[in-house]
There are 2 protein chains.
Amino acid sequence: MPVNHNFSKLARQPAYRAVSEKIRQVILSGELQAGDMLPTELELAEQFGVTRSTLREAIRLLEESGIIGRADRKRLVVTLPQTAAVGRSVSSAMLMHRVTFKELWQVAMGLEPLAGKLACASATDEDKQRLADNLQRTETVLEDHARLLEAEIDFHNLVASATHNYALLQARAPLNDLFYPAWGAVIRALSPGQRILVAHRRVYEAICNNKPREAERWMEKHMIDFRRGIEMGNLGFDQPVTSAANTSGQN
Amino acid sequence: MPVNHNFSKLARQPAYRAVSEKIRQVILSGELQAGDMLPTELELAEQFGVTRSTLREAIRLLEESGIIGRADRKRLVVTLPQTAAVGRSVSSAMLMHRVTFKELWQVAMGLEPLAGKLACASATDEDKQRLADNLQRTETVLEDHARLLEAEIDFHNLVASATHNYALLQARAPLNDLFYPAWGAVIRALSPGQRILVAHRRVYEAICNNKPREAERWMEKHMIDFRRGIEMGNLGFDQPVTSAANTSGQN
DNA sequence: TATTGACACATTGTCCGACAATAGGTCAAT
DNA sequence: ATTGACCTATTGTCGGACAATGTGTCAATA
């Protein structure tokens with residue numbers, strides 16, 4: 001009988017990955033900070049003892065992570081990852097996993113009321129002003145479906161931003177890419193401009209008056225309205241969401 | 001006086017990015033599905049009309065997104081992104097943004113009770129069995145700080161998995177990487193094994209008996225205990241979290 | 001029959017060298 | 001102060017090269 005010892009498969013990693021990990025580590029350790037310039041590709045390659053080709057592959061990995069970018073289309077620079085950039089990877093993953101509208105809605109029910117609640121304590125005057133501007137703009141586009149959707153998405157982003165909680169912003173990033181855009185169909189089908197405006201107004205007032213409970217409740221009601229809209233329009237609440245327009249060229 | 005027309009800066013993108021976007025698009029459109037093999041690098045390069053070097057850079061971008069990988073260390077294959085893989089990018093971003101423990105805790109307060117609630121409706125017998133196994137294991141390692149932390153993290157992952165909601169899994173991924181590991185300090189300082197076990201048991205029972213409210217409440221209490229632990233141990237509730245051990249070699 | 005070994009082949013990981021395009025700087029001319 | 005001419009450094013892309021390694025085939029062996 002053969003002796004049965006299971007060796008753990010040893011994971012050798014290619015050079016481009018090792019290089020990438022090393023750079024990432026240096027950045028995350030704080031040794032290199034956002035805004036710092038990196039040496040030229042040639043110099044980096046020499047330091048690591050690899051060729052420029054290999055180094056460039058390593059750079060691509062970090063580039064997709066959003067932690068390095070190019071300043072002025074030239075020099076490499078350590079970058080503070082933008083929520084949108086990081087969120088795109090997450091959204092891609094969700095699309096491939098055939099995430100349903102229902103699943104996203106459940107997450108939204110967890111995060112959006114929370115955002116409203118937290119915003120009450122942390123919103124600055126500037127945040128409030130931006131929300132006020134958004135409301136005013138919303139009033140003028142109640143019948144313009146495209147612009148209404150845009151304003152709607154903006155509003156929720158503004159509330160989330162007002163929490164000044166980056167972890168929350170990041171967690172709800174996929175909602176921006178997948179949840180709200182899909183909701184455009186509801187707007188076109190039901191024209192619920194008035195209901196949206198009322199909910200947004202209540203949330204705004206709650207934030208201004210520092211009433212967390214109110215903000216939370218109205219955001220929750222707002223989300224439930226979303227669900228009702230999807231169901232009433234028979235727009236596939238249990239269907240996988242689709243990538244409406246993913247041709248974004250952000251930076 | 002000069003006529004003032006603002007041109008939008010036209011965004012040319014390098015070839016490696018264009019190639020990457022094209023492949024991503026084909027995959028997200030469903031034309032290529034998870035598990036499908038891609039042609040060899042040389043063939044792909046010929047199809048796009050670029051060199052292998054350029055194509056390889058494009059591949060790296062997709063690789064970091066987790067949507068393609070290698071089967072058997074060779075052929076390129078379309079992959080269903082793993083939460084851990086995607087989550088790493090997100091965690092990196094949060095670390096660079098100096099996300100505080102408090103921020104993560106706020107997100108956890110939004111997502112973990114939600115996970116408990118949803119799990120009640122969707123947990124399979126297998127899910128419940130896994131939770132039961134975890135509880136049993138936890139009892140045996142109450143004094144072993146390292147193993148206890150491991151079991152603790154596992155438990156929350158199991159609850160989240162039991163929701164069968166990928167969007168939720170993805171949203172809470174950073175909690176795994178940053179929130180719970182940081183909590184290891186609390187375990188070492190306060191040895192709250194018993195409190196953990198009790199909370200976990202209540203959540204487990206609630207899930208088995210299909211009592212969403214209970215599951216939600218106990219998860220919430222559990223999270224509040226977390227916060228108390230951090231504050232009592234004076235472990236920096238308002239400090240940025242640090243990447244305890246980020247030397248993970250996952251696939 | 002099932003395992004082993006030898007061998008050829010395809011593909012990747014890595015290297016090297018090359019060149020056009022362009023961002024940035026300097027300096028003179030206007 | 002702006003424009004234009006010029007030089008330099010660096011990137012984006014190319015083409016070719018080779019060793020290492022996974023894959024497949026086929027004969028030899030137990």
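Given the structure is predicted, the values throughout are model-derived calculations rather than measurements. In what follows, chains carry the letters A, B, and so on, assigned in the order in which the sequence lines appear, proteins first and then strands, with residues in each chain numbered from 1.
- On a pure distance criterion of 3.5 Å, no polar donor-acceptor pair joins the side chain of B:R17 and the base of D:dG12.
- Under the 6.0 Å cut-off for aromatic ring centres, A:F179 and A:W105 do not qualify, their centroids lying 6.0 Å or more apart.
- Side chain to side chain, A:Q170 and A:T83 fail the donor-acceptor criterion of an N or O pair below 3.5 Å.
- An OP1 or OP2 oxygen of D:dG12 is reached within less than 4.0 angstrom by a side-chain nitrogen or oxygen of A:R60.
- An end-to-end axis angle of 30° holds for the helix from C:dT1-D:dA30 to C:dT30-D:dA1, taken from five base pairs per end and rounded to 10°.
- Atom CE in A:M37 sits roughly 15 Å away from atom P in C:dA23 (whole-Å rounding).
- Atom C1' of nucleotide C:dT12 and atom CD1 of B:I59 are separated by 12 Å, given to the nearest angstrom.
- Listed by chain and residue number, A:T124, A:H164 satisfy the side chain to side chain donor-acceptor pair (under 3.5 Å) test with A:D127 (two or more places apart in sequence, or in another chain).
- We find that CD of A:E41 is positioned 4 Å from P of D:dT11, with the value rounded to whole Å.
- Side chain of B:E57, nearest nucleotide from D:dT13, D:dG12, C:dG13: D:dT13.
- Annotation for A:K128: atom NZ counts as buried by contact number, over 12 foreign heavy atoms lying within 6.0 Å.
- In this structure, B:S29 contributes its side chain and B:E31 its backbone to a donor-acceptor pair below 3.5 Å.
- Exactly one residue among A:Q136, A:Q129, A:R137, A:R130 makes a side-chain hydrogen bond (donor to acceptor under 3.5 Å, both in side chains) with A:D133. That residue is A:Q129.
- Protein atom CG of B:L55 is 12 Å distant from nucleotide atom C1' of C:dT12, rounded to whole Å.
- For the pair B:R70 and D:dT21, the criterion of a side-chain N or O lying under 4.0 Å from OP1 or OP2 is not met.
- With hydrogens and angles disregarded, no donor-acceptor distance shorter than 3.5 Å links the side chain of B:S89 to the backbone of B:A85.
- Across the protein-nucleic acid pair, B:R52 atom CZ and D:dT13 atom P stand 17 Å apart, rounded to whole Å.
- Rounded to whole Å, atom C1' of D:dG22 lies 14 Å from atom CG of B:L76.
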Original post:
Would B:V78 and B:M37 count as a side chain to side chain contact (heavy atoms under 4.5 Å, CB included) if you check the C-alpha gap in whole Å, the side-chain angles of each, and the deciding distance to 0.1 Å?
Top reply: CA-CA 6 Å; B:V78 181; B:M37 304 275 262; over 6 Å; no
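- Between D:dT11, C:dT14, D:dG12, one nucleotide has an atom nearer to the side chain of A:T40 than all others, and that is D:dT11.
- Of the residues in residues 43-51 of chain B, none has a non-hydrogen atom less than 4.0 angstrom from any atom of DNA chain C.
- Dashed line: the shortest gap from a side-chain N or O of B:R12 to OP1 or OP2 of C:dT22 is under 4.0 Å.
- B:R56 contributes no side-chain N or O that forms a donor-acceptor pair with the base of C:dT14 under 3.5 Å.
- Atom C1' of nucleotide D:dT11 and atom CZ of A:R75 are separated by 11 Å, given to the nearest angstrom.
- Nearest-nucleotide positions on DNA chain C for A:S53 and B:L42 put B:L42 closer to the 5' end.
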**OP:** Would you please test B:V186 and B:F226 for side chain to side chain contact (heavy atoms under 4.5 Å, CB included) and show each step?
**Re:** CA-CA 8 Å; B:V186 179; B:F226 275 15; over 6 Å; no
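- Remark: of the listed residues A:L178, A:N176, A:D177, A:N176 is the sole one forming a side chain to side chain contact (heavy atoms under 4.5 Å, CB included) with A:Y180.
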